[in-house]
Amino acid sequence: MVAMERMNRSSRIFVAGHRGLVGSAIMRRLNAEGYAHVLTATREQLDLRDQAAVNYWFKANQPEFVLLVAGTVGGILANSTRPAEFLYDNMMIHATTVHAAHLFKVKRLLYLGSSCIYPRDCPQPMREEYLLSGPLESTNAPYALAKIAGIKLCESYRTQFGCDFISAMPTNLYGPHDNFDLTSSHVLPALIRKFHDARSAQSANVEIWGSGTPRREFLHVDDLADACLFLMNRYDESTHINVGTGHDLSIRELAETVRDIVYPEAGLVFDSTKPDGTPRKLLDVSRLHRLGWRHQTELVDGIRTTYRWFLEHPREGHNADTPGVVTAH
Ligand code: GFB
């Protein structure tokens, strides 16, 4: 049994991946709550794939707590076309950071995975114990394998060395600082961008990839940041824990919802040459609910505020600086 240490306002907390969608939400939350020693490193300052550099950084900065939310991430197309980067970058980032956290005696580490770790044809909703019970979805198997390796790293360092490392598996995320680049983004920011661009150009139709029948669950990233802090102070088991809303909808329903908010006059056209990916991935969140955590932001409200953020941040929203795959560290 590993004794659990809780973060306090003067703890040295490393947010690995602080510029990404998740990392920036965690930073907003830690800052708002008055955590005074939040440590960060940009990609230019620290290549998280380099074990020697990561060890050096941990030795110099002595973090007590780590939120490991860095990684190379992207939507279905980026995952299918850049499998080597998704596998290599993520395996390395997870391994170096977990290993350095062990070497330099970090008190607690939270590792963030993804709901794509579960088998393609997993029974729904997906319970934590369904991990590794069947084949993965081919469009994101390399990414999922890296994420599964991360879970197993945390479990193994806990078993062998007594490290207090925990894992959380969030569902599909969205919110401020998302990637709105159409070649690498996930579906929700892509739809905001597409309907917005169609409205600007007064186009009649917006193209939706695939059949529109796959079902997805979406969690606002501020809710995820809240869950991360909750779990850092409350969750004490070696098994990973799901983080989601417990509700899903079809891609067609999602597209209609975004259309009604951004450009109600638009028609939908489905492009069947693009992949559907996993038919459904709804998380079973009963373990998290039993601990007392629930999401706050309903999807329609979250899409409205994210669209407002997109309008207020044209450079970031249109992703001028980061074409292609986003590396969140
Ligand atoms: O969000 P998304 O790219 O990834 O796509 P996944 C979800 C669904 O939306 C797929 C459809 O069925 C897409 O075909 N879709 C419709 C679109 N229009 C669009 C569009 O314009 N852009 C995008 N991107 N999709 C990812 C994984 O899977 O989910 C990652 O590849 C990760 O590994 C992430 O797990 C959370 O939900 O299919």
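All values derive from a computational prediction rather than experimental measurement. One-based numbering, in listed order, for ligands and for the atoms of each. Heavy atoms only: backbone and side chains are in, while hydrogens, waters and symmetry mates are out.
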(message) Which residue is it: L299, T305, L173? I am looking for the one with a side-chain contact (heavy atoms from CB on, under 4.5 Å) to H220.
(response)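 When L299, T305, L173 are each tested with H220, the side-chain contact (heavy atoms from CB on, under 4.5 Å) holds only for T305.
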
(request) Report, as yes or no, whether the 6.0 Å neighbourhood of atom CD on Q296 holds more than 12 heavy atoms from other residues, nucleotides or ligands. (result)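 No, the 6.0 Å shell around CD holds no more than 12 heavy atoms from other groups.
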
(message) Among W57, Y35, F65, F104, which residue satisfies the ring pair (Phe, Tyr, Trp, His ring centres under 6.0 Å) criterion with F14?
(response)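 Only match with F14 under ring pair (Phe, Tyr, Trp, His ring centres under 6.0 Å): W57.
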
(request) Hey, can you tell me if F218 and Y174 have their rings parallel, tilted or perpendicular (30° and 60° cut-offs)? (result)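 Taking Y174 first and then F218, their aromatic rings stand perpendicular (interplane angle over 60°).
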
(request) Show your reasoning for whether side chain to side chain contact (heavy atoms under 4.5 Å, CB included) applies to I151 and L131. (result) CA-CA 10 Å; I151 299 174; L131 180 66; 4.2 Å; yes

Protein N/O near ligand 1 N/O, under 3.5 Å, which pairs?
unit_1: ligand 1; atom_1: 1 (O); unit_2: V187; atom_2: N; d: 2.9
unit_1: ligand 1; atom_1: 3 (O); unit_2: I76; atom_2: N; d: 2.8
unit_1: ligand 1; atom_1: 12 (O); unit_2: D276; atom_2: O; d: 2.6
unit_1: ligand 1; atom_1: 14 (O); unit_2: P275; atom_2: O; d: 2.6
unit_1: ligand 1; atom_1: 18 (N); unit_2: W209; atom_2: N; d: 3.0
unit_1: ligand 1; atom_1: 21 (O); unit_2: K194; atom_2: NZ; d: 2.6
unit_1: ligand 1; atom_1: 24 (N); unit_2: S185; atom_2: O; d: 2.9
unit_1: ligand 1; atom_1: 28 (O); unit_2: K281; atom_2: NZ; d: 3.4
unit_1: ligand 1; atom_1: 29 (O); unit_2: K281; atom_2: NZ; d: 3.3
unit_1: ligand 1; atom_1: 31 (O); unit_2: N79; atom_2: ND2; d: 3.1
unit_1: ligand 1; atom_1: 33 (O); unit_2: N79; atom_2: OD1; d: 3.3
unit_1: ligand 1; atom_1: 33 (O); unit_2: N79; atom_2: ND2; d: 3.4
unit_1: ligand 1; atom_1: 35 (O); unit_2: S114; atom_2: OG; d: 3.0
unit_1: ligand 1; atom_1: 37 (O); unit_2: N172; atom_2: ND2; d: 3.0
unit_1: ligand 1; atom_1: 37 (O); unit_2: R216; atom_2: NE; d: 2.7
unit_1: ligand 1; atom_1: 37 (O); unit_2: K281; atom_2: NZ; d: 3.2
unit_1: ligand 1; atom_1: 38 (O); unit_2: R216; atom_2: NH2; d: 2.8

(request) Would you please test Y263 and H196 for side-chain hydrogen bond (donor to acceptor under 3.5 Å, both in side chains) and show each step? (result) CA-CA 7 Å; Y263 182 31; H196 175 79; over 6 Å; no

